[in-house]
Amino acid sequence: MNSKIWLSSPHMGGNELKYIHEAFDQNWVAPLGPNVDGFEKDLAQFLGENVNVAALSAGTAALHLALIILGVKQDDEVICQSFTFSASANPITYVGAKPVFIDSEPETWNMCPEALEEAIKDRTAKGKKPKAIIVVHLYGMPAKLDEITAIAAKYEIPLIEDAAEALGSTYKGQKCGTFGEMSVLSFNGNKIITTSGGGALVCRNLEQKNKAVFLSTQARDNAPHYQHSEIGYNYRMSNISAGIGRGQMEVLSQRVEARRKNHEFYIELFRNIEGVTVFTEPGADFYSNRWLSAVIIRPEIAGFTREDLRLKFLEDDIESRPLWKPMHLQPVFADAPYYGKKVAEELFENGLCLPSGSNLTDEERTRIKEALSALIR
Ligand SMILES: *Cc1c(COP(=O)(O)O)cnc(C)c1O
């Protein structure tokens, strides 16, 4: 019996336990401590560009705090890429604001700059100038950041980068996670590196970071007793999780390399299969960590659908998954305004994410190849 091949599973580097042991030895088993500080420093050093990082319990929590710190309030509107995981959009509702969804462009699959500008103009004309823009780098692919940042600057709307899937990706040599007024990282179990569960808010200045730490630790005023002038949250990362993060940061570049090799494997695998395109950077400005490899299948040419391939893989205990279902098609966001065409919708219909773990073995690659051959025969 073969073991299951996962889409993306945790891949420890080796030193994670060393940091956890240190935490135990010093009894730093709490949502603070040297690993939290160390992990924040590691991330800031990696990202460069003078950033300040707050380690939190989840990427979703980071996005929630970003909206609060940027002053988004009840009944405000926030622009968000439609083609994404629900965690990009859910925090908009946590602050009582309303999402406005934007289609993707076909090259990076991320926010379409034209649809973005159309939406800003139209919402502003309706008396609701958007309070923030959430752009996502899906599957590690950087969005068209020159265009998006220019539009955000032109209309003076703060940009939040959801870089949850894009740690290690760059645009024109600059790291994803350093373009936004604030940026969000995730270290969930399936991401390129993991802390078992966790996230971070990347801030431009120390003041924003201090605010994030304050809000994430129940918003305690400076007093010997418990004194509160604001509503707080329990969103800080634990010192144990941060220990895993420090070990993972030591191997991040190897993880990116391994994921990029998976992509090369799929390029080779589908080279002679007409109607199947492997998702690839549109040019040299874009460097993806290739968190997940994905394909688009044109059934009229390929002779099979993405569902045929998914089910064939499933038979052989190989996990694959349709691309994100756009948020404007989700029942929970049925009433939200949407700007764009059908790019995201078509990606969802025809796209499939393939096993992409940095721990994928040659034996597993052979099984994937055999399953595909069996489908084509
Ligand atoms: C994983 C993910 C998140 C949420 O991160 P968590 O740490 O799981 O809360 C947000 N946005 C995107 C695009 C993600 O993939």
Side-chain angles (χ1 to χ4, degrees), residues 6-10 31 39 43 53-68 78-94 99 101-102 104 108-111 132-143 145 148 159-169 176-177 179-180 182-202 212 216 233-238 241-242 244-245 248 255 259 279 288-294 321-328 330 332-333 344 347-348 351 353 356-357:
W6 298 95
L7 200 65
S8 179
S9 69
F39 185 43
L43 285 166
V53 180
L56 302 170
S57 56
T60 311
L63 206 42
H64 187 190
L65 293 186
L67 293 168
I68 294 171
V78 172
I79 286 184
C80 183
Q81 184 167 320
S82 182
F83 190 53
T84 186
F85 179 42
S86 63
S88 303
N90 284 340
I92 298 169
T93 69
Y94 302 170
F101 291 115
I102 308 292
S104 296
T108 75
W109 298 359
N110 294 309
M111 187 178 276
I133 299 167
I134 301 172
V135 66
V136 191
H137 309 301
L138 281 187
Y139 308 118
M141 179 68 76
L145 283 160
I148 304 278
L159 182 70
I160 301 173
E161 241 186 308
D162 181 346
E165 302 178 0
L167 185 63
S169 300
C176 287
F179 289 86
M182 306 197 121
S183 304
V184 168
L185 301 173
S186 168
F187 314 109
N188 205 341
N190 59 351
K191 298 286 157 58
I192 192 147
I193 61 164
T194 183
T195 59
S196 74
L201 184 63
V202 184
S216 72
Y233 302 85
N234 186 3
Y235 279 173
R236 195 71 164 130
M237 180 178 280
S238 92
S241 298
I244 305 176
Q248 291 272 280
R255 298 296 179 262
R259 301 237 177 198
F279 184 39
S288 171
N289 68 9
R290 293 178 181 158
W291 171 57
L292 293 188
S293 290
R321 192 171 296 157
L323 301 186
W324 301 120
K325 179 171 182 173
M327 289 305 115
H328 72 280
Q330 299 285 359
V332 74
F333 292 124
L347 290 169
F348 169 61
C353 291
S356 303

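When a ligand or atom number is given, it counts from 1 through the structure's own listing order. Because the structure is a prediction, the values reported are computed rather than measured.
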Rounded to the nearest 0.5 Å, what's the gap from [atom1] on [X] to [atom2] on [Y]? Could you check?
X      : Y      : atom1 : atom2 : answer
Trp109 : Leu138 : CH2   : CG    : 9.0 Å
Gln81  : Asp162 : CD    : CG    : 8.5 Å
Lys191 : Asn289 : NZ    : CG    : 11.0 Å

Where does the angle between the aromatic ring planes of Tyr139 and Trp291 fall among parallel (under 30°), tilted (30 to 60°) and perpendicular (over 60°)?
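Judged by the thresholds at 30° and 60°, the geometry between Tyr139 and Trp291 is parallel.
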Residues in contact with ligand 1, criterion: heavy atom under 4.0 Å
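Near ligand 1, by chain and number: Ala58, Gly59, Thr60, Thr84, Phe85, Ala87, Ser88, Val136, Asp162, Ala164, Glu165, Ser186, Asn188, Lys191, Gly198.
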Check step by step if side-chain contact (heavy atoms from CB on, under 4.5 Å) holds for Thr84 and Met327.
CA-CA 7 Å; Thr84 186; Met327 289 305 115; 4.1 Å; yes
Stepwise ring pair (Phe, Tyr, Trp, His ring centres under 6.0 Å) check, Phe39 with Phe187
CA-CA 12 Å; Phe39 185 43; Phe187 314 109; 5.0 Å; yes
